J.: 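Please find one structure pasted underneath; my questions will follow.
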There are 2 protein chains.
Amino acid sequence: MKRPTICDVARECGVSLSTVSLVLNNNPRISEATRARVLEAMDRMGYLPNVQARALASRSSRTLSVVVPHLNHVFADVYFGEIVSGIYDRCLEHHYRMMLDIANPRFVRQREYVNIMRSRRADCMLFIASSVNDEYLREFEDSPFPFLLVNHYFPNMNLNYIMVDYRQSARLAAEHLIGLGHRKIGIIAGTNTYTGRDYRDAFISACCVRGCRREDLPWVDGGKDWSQEGGFRAARILLGEHPDLTAIMAGNDRLAIGAMRCVHERGLHVPQDVSIMGVDDIPQAAYTTPALTTIRHPLYELGRRAAETAILLFREELQSCNEVLPVQLVVRESTGTPPAR
Amino acid sequence: MKRPTICDVARECGVSLSTVSLVLNNNPRISEATRARVLEAMDRMGYLPNVQARALASRSSRTLSVVVPHLNHVFADVYFGEIVSGIYDRCLEHHYRMMLDIANPRFVRQREYVNIMRSRRADCMLFIASSVNDEYLREFEDSPFPFLLVNHYFPNMNLNYIMVDYRQSARLAAEHLIGLGHRKIGIIAGTNTYTGRDYRDAFISACCVRGCRREDLPWVDGGKDWSQEGGFRAARILLGEHPDLTAIMAGNDRLAIGAMRCVHERGLHVPQDVSIMGVDDIPQAAYTTPALTTIRHPLYELGRRAAETAILLFREELQSCNEVLPVQLVVRESTGTPPAR
DNA sequence: GCTCCGGTGTAAATCGCTTGACGGCTCCGG
DNA sequence: CCGGAGCCGTCAAGCGATTTACACCGGAGC
């Protein structure tokens, strides 16, 4: 009536316990004949290894811990969703499992981030889009635990990271808007991440290089959750203080969608009066009215690479990682030439 | 240099290994004095129990397995996101972990759903919004493993479930549209779930009860992923075949958003020409143009209850579960009186 | 003086699997 | 005929906890 164990299988086909274990782990020391016999027995008996026991004995939990920031209902966020989907799929291919954790205040205060590793709950930790305030991650600089930042980095820390190329994004956005003729562009930036700050700064320099004046490139913070609400509020401030803006560049698509709503509520039209563009290319971007021009970030692929890298780091087949993925401009309907004045 | 184990702690404060374990598990057999001494030592030494070892010995993984359908990038779906957030939060409060799995073809073919339980990877499985085709779940009818359907049910199976009240949703939607004066209403239904079918059928009867003719309530399937694209296509069909519709009721908000885009592309206005409403009240619903009228489903709360229930089922403190949560109408801008003809 | 007993703590068996050391066997060259 | 090298398996010691049965001890009751 009980679940069969490795012992039952061993007894059943007259080999030792270790033999069964070796078969389970595809060890070449076992001959094909024996292997086949054992596998057959396993199948017949409906044997399945107990994951806890394997993890205990092998010192590998075959689990990645994915840590996301403490935002409202973060799992409902497409940005994280895409990355997490990528991680999940790659995990499966490696027969790994994925555990999700949220970096809430308790998580940080109680130093859960190190507890997870110390209690052997995971082989490696992936931090998705942490913020500039996550100074506590510095602990991982010289920790023995495998660790990877996903779509973020810290300028002065020696931490593994993998992310998309935010500076290239910024250049593409600048080229596009400047190319259309815009010279006064408002920026809605997320400033709670280094990537967000890089994006803002790179955008400003790229515009200046192409002939804009710095004072015609005002920026406002979009709030720390990069949400539509934040974009709405930021756009209201921008348009209030600079009614002559002809374009708004938002740090992500949701900020852009919020901004579009604001423009709409002021009785203006996108893109006739104000052009708006975002970043990420979330699925929703194609279904706004008008459809959103944006920079496509390969977030799903980023997740896959991240999972791959994490496993390699754990196995010590990789010592460090500092990787940057390319991005791409997607032109839709929300950007156009500035209105004639 | 190594992580301390329960043995090290025992040696350190001169008690037996079992004593430390009992302290760890808050067993009242240990006196306050000893308990304090042990806890102090643990703290000082930075002891943390090895989760694998505990799970092996105690036969509880303290893990819930959450299974979501195999949709494109499902983690990026707000509907699932909300439910999963609720589950996660409640798990944490119970010191449980949450594992995510996707019910893809491999998952079903290889009967992973039973393997997860048999390999002791999880204490209980939660299936979120499975579809009418998931006949394989019937296996759980008389399985010894704790199991819970979240926001779905099967009419002829004896399975535990917890979900929102789709029939009440349908009645509220019907009352609202009929109350505004609509008599010809197109329906975009998700028909790959029993809850979706219930919703459609309950809506039709509620309308008929209030004086509509059945032939004025055409319905079209919105596609199995309940996406904006599906809503767009369905709306095109509906409006093509029934140009005199004055309202469209969609089975969820994303279908509704797709339908809105279709109406817009035909040069019509919402709600002046066509009223549109959705279901769920995802955050985005407040930020469409015009803002979407919808039925609020308490998905986050549903997730919390589901996690709670799952743990009780595992502990056998609960034998079964058939729970239904109430819903609420949210009126915004996308519905209004029908155009005068 | 002896038994019974509640309150504390311990010993030892288990949970199910991994893995490095070792051992028998066959085959080969010298 | 002996020694060494592969090949194929087995032994047995962990991995780090839980848990049940039992032991000790001082005091109450008779």
Side-chain angles (χ1 to χ4, degrees), chain A residues 1-39 41-42 45-63 95 115-123 315, chain B residues 1-39 41-42 45-63 95 115 117-121 123 315:
Chain A
M1 207 66 275
K2 280 183 72 268
R3 269 166 28 80
T5 71
I6 212 175
C7 300
D8 301 321
V9 176
R11 198 176 319 116
E12 179 76 9
C13 46
V15 297
S16 81
L17 194 154
S18 345
T19 306
V20 179
S21 170
L22 293 173
V23 168
L24 215 49
N25 292 291
N26 285 316
N27 191 308
R29 231 191 312 180
I30 306 299
S31 69
E32 269 317 314
T34 313
R35 175 188 311 281
R37 201 149 46 92
V38 172
L39 287 175
M42 284 181 176
M45 306 172 71
Y47 167 79
L48 272 186
N50 178 313
V51 287
Q52 331 287 355
R54 295 188 87 170
L56 178 58
S58 69
R59 291 161 200 76
S60 158
S61 58
R62 281 198 165 261
T63 297
H95 295 102
N115 293 353
I116 285 179
M117 299 307 292
R118 294 171 57 100
S119 61
R120 297 277 180 258
R121 275 173 45 180
D123 288 355
R315 295 196 187 138
Chain B
M1 208 63 276
K2 281 183 70 273
R3 269 167 28 80
T5 74
I6 212 175
C7 301
D8 301 321
V9 176
R11 198 174 321 114
E12 179 76 10
C13 47
V15 297
S16 81
L17 196 155
S18 345
T19 305
V20 179
S21 171
L22 293 173
V23 168
L24 216 47
N25 292 289
N26 286 316
N27 191 307
R29 225 190 321 178
I30 305 301
S31 68
E32 269 317 314
T34 314
R35 176 187 311 282
R37 199 149 48 92
V38 172
L39 287 176
M42 284 181 176
M45 305 172 71
Y47 167 79
L48 271 187
N50 178 315
V51 287
Q52 331 286 358
R54 296 188 86 170
L56 178 58
S58 68
R59 291 160 200 74
S60 158
S61 59
R62 281 197 163 260
T63 297
H95 295 102
N115 293 353
M117 298 307 292
R118 294 170 57 98
S119 62
R120 296 275 180 260
R121 274 172 47 181
D123 288 355
R315 294 196 189 140

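Proteins get letters first, then strands, A, B, ... in listed order; numbering begins at 1 in each. All values derive from a computational prediction rather than experimental measurement.
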J.: Should C/dC15 form a Watson-Crick or G-U wobble pair with both distances under 3.5 Å, which nucleotide is its partner?
T.: D/dG16
J.: Would you list the protein and nucleotides 7-11 of chain D atom pairs, both N or O, that sit under 3.5 Å from each other?
T.:
| unit_1 | atom_1 | unit_2 | atom_2 | d |
| --- | --- | --- | --- | --- |
| D/dG9 | OP1 | A/Ser31 | OG | 3.1 |
| D/dG9 | OP1 | A/Thr34 | OG1 | 2.2 |
| D/dG9 | OP2 | A/Ser31 | N | 2.7 |
| D/dG9 | OP2 | A/Ser31 | OG | 3.1 |
| D/dG9 | OP2 | A/Thr34 | OG1 | 3.2 |
| D/dG9 | O6 | A/Arg29 | NH1 | 2.7 |
| D/dT10 | OP2 | A/Ser16 | N | 3.1 |
| D/dT10 | OP2 | A/Ser16 | OG | 3.0 |
| D/dT10 | OP2 | A/Thr19 | OG1 | 2.0 |
| D/dT10 | O4 | A/Arg29 | NH1 | 3.1 |
| D/dC11 | N4 | A/Ser18 | OG | 2.7 |

J.: Round to the nearest Å and state the distance from B/Arg11 atom CZ to D/dA17 atom P.
T.: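 Result: 12 Å.
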J.: Does A/Asn27 place a side-chain N or O at less than 4.0 Å from the phosphate oxygens OP1/OP2 of C/dT19?
T.: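 For A/Asn27, the contact criterion (side-chain N or O under 4.0 Å from OP1 or OP2 of C/dT19) is not met.
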J.: Please find the pair of heavy atoms, one from B/Arg54 and one from B/Asn25, that lie closest to each other, and give the distance.
T.: NH2-OD1, 3.1 Å
J.: Using a cut-off of strictly less than 4.0 Å, decide whether A/Arg59 has a side-chain nitrogen or oxygen near OP1 or OP2 of D/dC15.
T.: no
J.: For A/Ser31 and A/Thr34, does a side-chain donor sit closer than 3.5 Å to a side-chain acceptor?
T.: yes
J.: Counting N and O atoms only, with roles assigned by atom type, does the side chain of A/Arg118 sit under 3.5 Å from a partner on the main chain of A/Ile116, one being a donor and the other an acceptor?
T.: no
J.: How long is the line joining CG of A/Asn25 and C1' of C/dT18, in whole Å?
T.: 7 Å
J.: What is the minimum heavy-atom distance between A/Ala53 and A/Asn50, and which atoms define it?
T.: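 Reported closest heavy-atom pair: N-OD1, 3.0 Å.
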J.: Starting the side chain at C-beta, find the nucleotide from D/dA17, C/dC15, D/dT18 nearest to B/Ser58.
T.: D/dT18
J.: At their closest point, which heavy atom of A/Tyr47 faces which heavy atom of A/Leu24, and how far apart are they?
T.: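 A/Tyr47 and A/Leu24 have their closest heavy atoms at OH-CD2, 3.7 Å.
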J.: Taking OH from B/Tyr47 and P from D/dG16, how many angstroms apart are they, rounded to a whole number?
T.: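 After rounding, the gap between these two atoms is 10 Å.
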J.: Are A/Asn50 and C/dC15 close enough that a side-chain N or O sits under 4.0 Å from OP1 or OP2?
T.: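 Result: no.
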J.: Quick one: A/Leu56 CG to D/dC15 C1', roughly how many Å, whole number?
T.: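 Rounded to the whole Å, the gap is 4 Å.
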J.: Testing the basics here: between B/Arg120 and A/Val51, what is the closest heavy-atom pair and its distance to 0.1 Å?
T.: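 Scanning both residues completely, I find the closest heavy atoms to be O-CG2, 3.9 Å.
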J.: How long is the line joining CD1 of B/Ile6 and P of C/dC15, in whole Å?
T.: 18 Å
J.: So which nucleotide does D/dC30 pair with, by the Watson-Crick or G-U wobble rule with both distances under 3.5 Å?
T.: C/dG1
J.: Round to the nearest Å and state the distance from B/Arg3 atom CZ to D/dC15 atom C1'.
T.: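 Nearest whole value for this atom pair: 11 Å.
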J.: Just the rounded figure in Å: distance from P of D/dT18 to CG of B/Asn26.
T.: 11 Å
J.: Closest heavy-atom contact between B/Val9 and B/Met45?
T.: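 Where B/Val9 meets B/Met45 most closely, the heavy atoms are CA-SD, 3.9 Å.
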